[in-house]
Amino acid sequence: MRIKWMVLAGLGALLSVAGGQDAVPADAPYRDASLAPEKRAADVLGRMTLEEKRQLVEGYNKFFIHPLERFGLRAVVLTDATAGIRVQKLYKIEAKSVAYPCVVALSATWNPEISKAYGRSVATECKYLGFDVLLGPGFNLYRTASCGRNFEYFGEDPALTANMVVPYIQGMQSQKIIATAKHFICNNHEWLRHSSDSVVDGRTLHERYMYPWYFAVQKGHVGAVMSSYNWLNGEKVSQSKTALDGLLRNDIGFGGLLMSDWGAVTKSAEALASGQDLVMPRIKDKETFLQATSTKEGQAHLDRMCQSILTQVFRFGIYDRERQTSGTVPDAERKSCEQVALQAAREGITLLKNDGILPMDGNAEKPVLLLGPDVEKTRYVGGGSGRVKGYDVVSIGSELRRLFGEKNIVSKDWKTVSDQDLKSADRIVVCVDQYQRENTDQVPVLEKEQENLVKRCTALNPRTVVVVCSGSGLEMEWADQAAAILWAYFPGQYGGTAIAEILTGAVNPSGKLPYTLERKFSDSPAFGYHPEGASLSQYKKKDNPVDQALPENPKVVYKEGVFCGYRWYDEKKLDVRFPFGHGLSYTTFAYEDLKVKKRWGDRGLVISATIKNTGDRAGSETVQVYVGAKKPSIPRPVRELKAFEKIKLAPGESKRVKFLLPPVDLAFYDIASKDWKVEPGQYVIELAASSRDIRESKTIAWKKELHFARPTDSVPVK
């Protein structure tokens, strides 16, 4: 390494002398890898010219941070996305990258260990393929089933998201790859995402939409954050001092590298003062930027931005290693990554309904009739910047034939199959999908031809299994008539294997829904967030009169407040198709002997119970803990997820599970005191298999009022 630095230093000195700049000494402190990242960054900053600073704070070649050649510091390479690596031509490498199950499928595992392994695996590929910063994880909350990017996020609940995103970040950053948490904040739909104004009250902001960010920053120590396109309460987030310096830097406590989403910054002078560090992919209003950075105040902002960028790059050792461009991941590492992708699919795919038809017996007298567009071309990923091409992609059809044998499977053209074929089939497996992508929202229902196919199958044959690949919820008028429904999300390149294994019983399903599946989209609190007749794109369409009549920044009012997701359906006492946290197994579980004790000195609650596998096969169950306040001083949800654990049990086996809830888990965000407040009163502690399947409950009395600065804190401020 010392020889490398000497060569680069010598080259840098020659270039700087030729360009009329001061040469950088070979013994400059920033070259010492043992120094703190902040000190190394400060040393570089103190030697930079104004032009070098200006270059550093805007993107370079679309997906790079600008090199500092005079210092021998190479370009830093950024890449999409969360569910693997989107290898683009601009990187000039030939490489293949695993297409992992989409992130909402990862969240459906309810398994933090899988999330950690997933993050570590993606980072391993980054390391060998020459990428330094991954532009993920994304974890905007699922507010509406119509959002085109729901598949890239962790679902509707802030606590589930927090508990799954932290290990993802830890796994990734353990490999010295910078994780980028995105998109801050309230980017919960794609409709007019560049101009729509999310109108959200302060309590809802902190309790719901900021909640996972506290954990990503304070527990995950995420290295980078990406700000969002949208507006928030009248200000464009990417250049809002209120949102970035206030909510993110001050309230949450983020001190890392803050970058804009691509093209989100339109006014560089505002961005300079907002807390933003890196404008991607370039600064649009160059003349304004040059003027703003020519003032004393502007240069102070510029110094802060450069210091922030350099500190994080040094922190992760990026400047101390050469970029690998071979495009090759060693075989052992690649096999490990592939296994993680397969296991995440196995644990995330969710059995919503089963009238006893599953698992299927391959030795039945009549073969299975296999239908649908996803039989041979399974929809394994979503679109946009979150799309990962993958390789060796397997389909449901090929894997069912492998496991069942060719003679036990019959496939027909799903567009021309006759009613008689449907009626006479011993069993039908119909495989459908809804494609989702960045840049546009969609109506949450299957495409018409697919919807009609499912309705025909379920109406004509009561032994119909429906397999759905979708990153968001859908209306399912046919659900009551289906014998079984398997929710596969976008399961990644090995999704076909995992689906076939679950259908045939080689794998016992254990996924749980990370969002609520409502009966009708009109039941959603977000229904009507855009005017009827408006296009669902991120852009207004010139030939659409509804689009053209919209104001410059149409408001999307989060009228439900803190009652998002299952909280809304509980508050309104609405029936749902399938509740948050729901997911079936091929075995059964009993919940017994719930005990709730207060820890000494108001240090929280100790919750324990015995879980028993009462079926005849091994399986995994996710035990969920919900908390609700009785007679609170302000409106609060009936119940809120606070903890969970996924356990595997053999037939007849029992296990005692134990949860330690800190006092802050009883808190709400108090607007008056601007902190997290625990009120004295009674609280209901529920042990559940889903938000609507409560198995055991206890009521406890809490006597002391406490206040916390953040929901991640263990020590109260008063």
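Since we're looking at a predicted model, the values are computed, not measured.
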Derivation of the salt bridge (charged side-chain N to carboxylate O under 4.0 Å, His left out) call for Asp303 and Lys296: CA-CA 11 Å; Asp303 283 353; Lys296 183 177 180 181; over 6 Å; no

Side-chain donor or acceptor of Ser308 paired with backbone N/O of Met305 under 3.5 Å: no

Euclidean distance, Leu248 CG relative to Ile185 CD1, rounded to 0.5 Å: 8.5 Å

Side chain Thr295, main chain Ala292, donor-acceptor under 3.5 Å: yes

Under 3.5 Å side-chain donor-acceptor pair for Thr311 and Gln307: yes

The single option from Asn187, Asp261, Asn188, Asn439 passing side chain to side chain donor-acceptor pair (under 3.5 Å) against Arg193: Asn439

Note, Lys92 side chain near Thr325 side chain (heavy atom, < 4.5 Å): no

Aromatic contact, Phe314 with Tyr319 (centres under 6.0 Å): yes

Salt bridge (charged side-chain N to carboxylate O under 4.0 Å, His left out) between Lys646 and Glu347, intermediate numbers included: CA-CA 10 Å; Lys646 189 170 191 174; Glu347 291 198 34; 3.0 Å; yes

Min side-chain heavy-atom separation Arg74-Arg323 under 4.5 Å: yes

Under 3.5 Å side-chain donor-acceptor pair for Gln175 and Lys127: yes

Main-chain N/O of Lys555 paired to Asp197 side chain as donor or acceptor, under 3.5 Å: no

Any Gln299 side-chain heavy atom under 4.5 Å of Leu50 side chain: yes

Donor-acceptor pair, side chain of Asp32 and main chain of Ser34, under 3.5 angstrom: yes

Under 3.5 Å: donor-acceptor pair, side chain of Arg437, backbone of Gly383: no

Cation-pi geometry met for Arg143 and Tyr558 (6.0 Å, 45°): yes

Distance (rounded to the nearest 0.5 Å) between Arg710 CZ and Gln218 CD: 4.5 Å

Expected output: side-chain Gln436 to main-chain Gly148 donor-acceptor under 3.5 Å: no

Counterpart residues, ring pair (Phe, Tyr, Trp, His ring centres under 6.0 Å), relative to Tyr128 (two or more places apart): none

Asn553-Ser195 side chain donor-acceptor pair, cut-off 3.5 Å: no

Passing option when Tyr211 is tested against Trp213, Phe215, Tyr214 for ring-ring contact (aromatic ring centres under 6.0 Å, His included): Phe215

Whether Tyr60 and Phe64 hold their rings parallel, tilted or perpendicular, with breakpoints at 30° and 60°: perpendicular

Between CE on residue Met172 and CG on residue Leu134, distance to nearest 0.5 Å: 4.0 Å

Sub-4.5 Å side-chain heavy-atom contact between Thr82 and Val122: no

Donor-acceptor pair, side chain of Ser238 and main chain of Ala264, under 3.5 angstrom: yes

Audit row: Arg304, Asp245, salt bridge (charged side-chain N to carboxylate O under 4.0 Å, His left out) steps and yes/no: CA-CA 12 Å; Arg304 181 201 58 75; Asp245 192 51; over 6 Å; no

Phe131 vs Tyr91, ring pair (Phe, Tyr, Trp, His ring centres under 6.0 Å): CA-CA, chis, key distance, verdict: CA-CA 9 Å; Phe131 301 107; Tyr91 298 124; 4.7 Å; yes

Donor-acceptor contact present, side-chain Glu58 to main-chain Val279, <3.5 Å: no

Flag side-chain contact, heavy atom, 4.5 Å: Lys182 against Val225: no

Short side-chain to backbone donor-acceptor contact, Trp676 and Asp665, under 3.5 Å: no

Side chain to side chain, Tyr380 and Phe490, heavy atoms closer than 4.5 Å: no

Between Arg54 and Thr293, a side-chain donor and acceptor under 3.5 Å: yes

Separation of Glu94 CD from Thr328 OG1 (nearest 0.5 Å): 11.0 Å

Residue pair Tyr391 / Glu338, side-chain donor-acceptor N/O under 3.5 Å: yes

4.5 Å side-chain heavy-atom contact, Tyr142 and Asp157: no

Asn233 side chain vs Val200 backbone, donor-acceptor pair below 3.5 Å: yes

Within-4.5 Å side-chain heavy-atom neighbours: Arg208 and Glu156: no

Ser260 vs Ser227, side chain to side chain contact (heavy atoms under 4.5 Å, CB included): CA-CA, chis, key distance, verdict: CA-CA 5 Å; Ser260 74; Ser227 59; 4.1 Å; yes

Pair Tyr30 + Phe71: ring centers closer than 6.0 Å: yes

is_close_aromatic(His183, Tyr229), centroid dist under 6.0 Å: no

Donor + acceptor pair across side chains of Thr124, Glu333 (<3.5 Å): no

Spacing of CD belonging to Gln343 relative to OH belonging to Tyr100, to within rounding of 0.5 Å: 13.5 Å

Donor + acceptor pair across side chains of Asp441, Ser146 (<3.5 Å): no

